[in-house]
Amino acid sequence: MCMYSADDDGFVTDFHVLHYGQFAVRGAGLIMVEATGVVEEGRLTPQCLGIWKDAHIDGLRCIVDFAHRYGATAGIQLSHSGRLGSSIPLDQYQDNMPCTSDKKAGGWPDKVYAPSSISFSGQFWTPQELRLDQIEAVQKAFVSAAIRADKAGFDVIDIHAAYGNLLNQFLSPLSNIRTDKYGGSFENRTRMLMETIRRVRHVWPKEKPLFVSVSALEGAEQGWKFQETLVLVKMLVNDGVDLCEISQGGNIANAELRMDPESRKDVVGRVKRETPGLLVGAVGLISNGIQANDLLENNFADAVFSARQFIRNPSFVLSAAHDLGTSIKWPKQYECARVKTKYCFF
């Protein structure tokens with residue numbers, strides 16, 4: 001999740017090393033660095049991380065090295081915010097007030113781009129429609145970002161095509177009303193994502209996994225359909241994607257979606273059942289070990305991703321093991337704090 005803690009030019013700060021490092025120390029298997037802008041104007045806010053220039057590599061490598069030192073795998077989510085760009089950090093949101101950062105606040109209101117000139121809501125900037133040459137430039141920026149991620153030592157990259165970001169905006173007929181080869185039909189609306197994936201897969205090392213985040217449901221009758229998700233993920237696996245993180249919503253305001261763990265489980269489970277050969281990750285509303293284990297043991301998902309629960313409880317791995325009555329190795333520095341179980345003698 002976005003931490004809104006980068007410096008003004010998208011660089012890693014001490015906070016990021018501490019923030020992500022704490023999860024490695026406490027046993028997380030994969031640490032995914034937040035949505036990171038592949039171009040300067042592709043950040044969500046002026047306080048978000050960037051990977052649009054080589055100078056960003058060293059700071060990102062500090063996070064990777066720390067994670068590896070404590071036995072964790074390191075990933076990064078490559079993103080372009082599209083029409084959500086030049087907005088404000090979450091802690092500044094207020095009801096019925098603009099969510100925009102102007103130039104005085106470090107924003108880029110004249111460089112907010114999207115498939116079509118349709119704002120997310122009245123609280124966000126109205127974007128400019130991307131020209132064909134700009135679409136080409138964005139695809140190349142994802143490629144360059146993947147190369148930098150490899151140089152920084154990341155083990156995994158996740159292409160962000162969910163939660164209303166630019167690649168998600170291209171998929172939906174509600175945010176993409178283009179009349180050229182990138183709009184209209186399902187084939188055209190998926191073209192931007194698929195071309196980007198093919199280009200990235202070409203430069204991303206074959207031995208390193210490539211993930212894609214997808215919002216399976218949009219929550220609007222005329223929007224992106226679940227059946228389209230099933231077709232899309234099959235296309236993704238055919239083009240070299242190793243795992244899809246399946247979420248819901250984020251592309252339109254006031255979406256009509258069930259936001260409960262059971263409905264999320266049903267959606268991710270159906271994607272897994274109907275897409276042989278694709279690893280599927282469950283994400284969203286996962287708050288305890290029993291729930292996470294149910295998703296894995298009952299074959300709803302191949303992996304579990306959690307964000308808010310780790311923020312609430314950086315020792316989520318340790319507490320999840322306790323929920324399940326399972327003994328796992330604690331960090332030696334924290335062994336004295338192990339919750340009493342049959343494995344603890346104090």
Side-chain angles (χ1 to χ4, degrees), residues 1-6 12-36 49 59-77 89-91 153-156 158 163 209 211 213 243 245-247 259-262 264-265 268 280-298 300-346:
M1 298 191 74
C2 293
M3 291 291 104
Y4 313 111
S5 296
V12 166
T13 64
D14 290 345
F15 171 85
H16 295 101
V17 180
L18 171 64
H19 172 67
Y20 292 109
Q22 67 182 328
F23 306 131
V25 170
R26 290 172 167 86
L30 168 63
I31 297 166
M32 187 68 71
V33 173
E34 64 204 75
T36 303
L49 286 175
L60 292 166
R61 186 182 290 119
C62 289
I63 298 174
V64 173
D65 289 347
F66 193 101
H68 287 168
R69 193 174 305 131
Y70 285 91
T73 300
I76 186 169
Q77 190 171 62
L90 189 61
D91 67 300
F154 283 102
D155 307 292
V156 179
D158 177 29
Y163 294 133
F211 293 0
S213 295
L243 180 145
E245 298 172 49
I246 305 299
S247 60
M259 300 298 286
D260 62 89
E262 283 301 311
R264 294 255 175 151
K265 184 171 74 171
V268 71
V280 175
V283 59
L285 306 179
I286 298 166
S287 59
N288 60 72
I290 294 172
Q291 181 188 4
N293 193 60
D294 173 51
L295 287 162
L296 300 173
E297 289 287 330
N298 293 305
F300 287 95
D302 301 289
V304 170
F305 296 84
S306 181
R308 288 182 177 86
Q309 192 58 29
F310 269 102
I311 294 172
R312 298 183 188 109
N313 175 17
S315 295
F316 180 41
V317 171
L318 306 178
S319 60
H322 180 70
D323 293 340
L324 296 167
T326 300
S327 177
I328 63 172
K329 183 179 179 180
W330 274 51
K332 65 181 182 180
Q333 299 90 342
Y334 302 153
E335 181 61 43
C336 62
R338 184 190 287 269
V339 178
K340 286 187 177 182
T341 67
K342 63 182 179 180
Y343 303 102
C344 181
F345 304 104
F346 303 101

Just verifying a value: how many Å separate [X] [atom1] and [Y] [atom2], rounded to the nearest 0.5 Å?
X: L296; Y: N298; atom1: CG; atom2: CG; value: 9.5 Å
X: I76; Y: D155; atom1: CD1; atom2: CG; value: 12.0 Å
X: R26; Y: Q333; atom1: CZ; atom2: CD; value: 10.0 Å
X: L49; Y: I63; atom1: CG; atom2: CD1; value: 6.5 Å
X: F154; Y: I31; atom1: CZ; atom2: CD1; value: 10.0 Å
X: D323; Y: N288; atom1: CG; atom2: CG; value: 5.5 Å

[X] side chain to [Y] backbone, donor-acceptor under 3.5 Å:
X: D302; Y: V280; value: yes
X: Y70; Y: A28; value: no
X: D158; Y: S213; value: yes
X: S306; Y: I286; value: yes
X: S319; Y: V317; value: no
X: E297; Y: D294; value: no
X: H16; Y: T13; value: yes

Answer whether the closest heavy-atom distance between the side chains of [X] and [Y] falls below 4.5 Å.
X: E245; Y: M32; answer: yes
X: I290; Y: L324; answer: yes
X: P331; Y: L318; answer: yes

With a sphere of 6.0 Å drawn around CG of D14, does it hold more than 12 non-hydrogen atoms of other residues, nucleotides or ligands? no
Atom of [X], atom of [Y] and distance for their closest heavy-atom approach:
X: Y4; Y: P89; result: CG-CB, 3.6 Å
X: S327; Y: R338; result: OG-NH1, 4.1 Å
X: C62; Y: V17; result: CB-CG2, 4.1 Å
X: A24; Y: A72; result: CB-CB, 3.9 Å
X: A74; Y: L30; result: C-CD1, 4.0 Å
X: A292; Y: V304; result: O-CG2, 3.8 Å

Is it true that E335 and K332 have a side-chain N and a carboxylate O under 4.0 angstrom from each other? no
Give the ring-plane orientation class for F23 versus Y20, where under 30° counts as parallel, over 60° as perpendicular and anything between as tilted. perpendicular
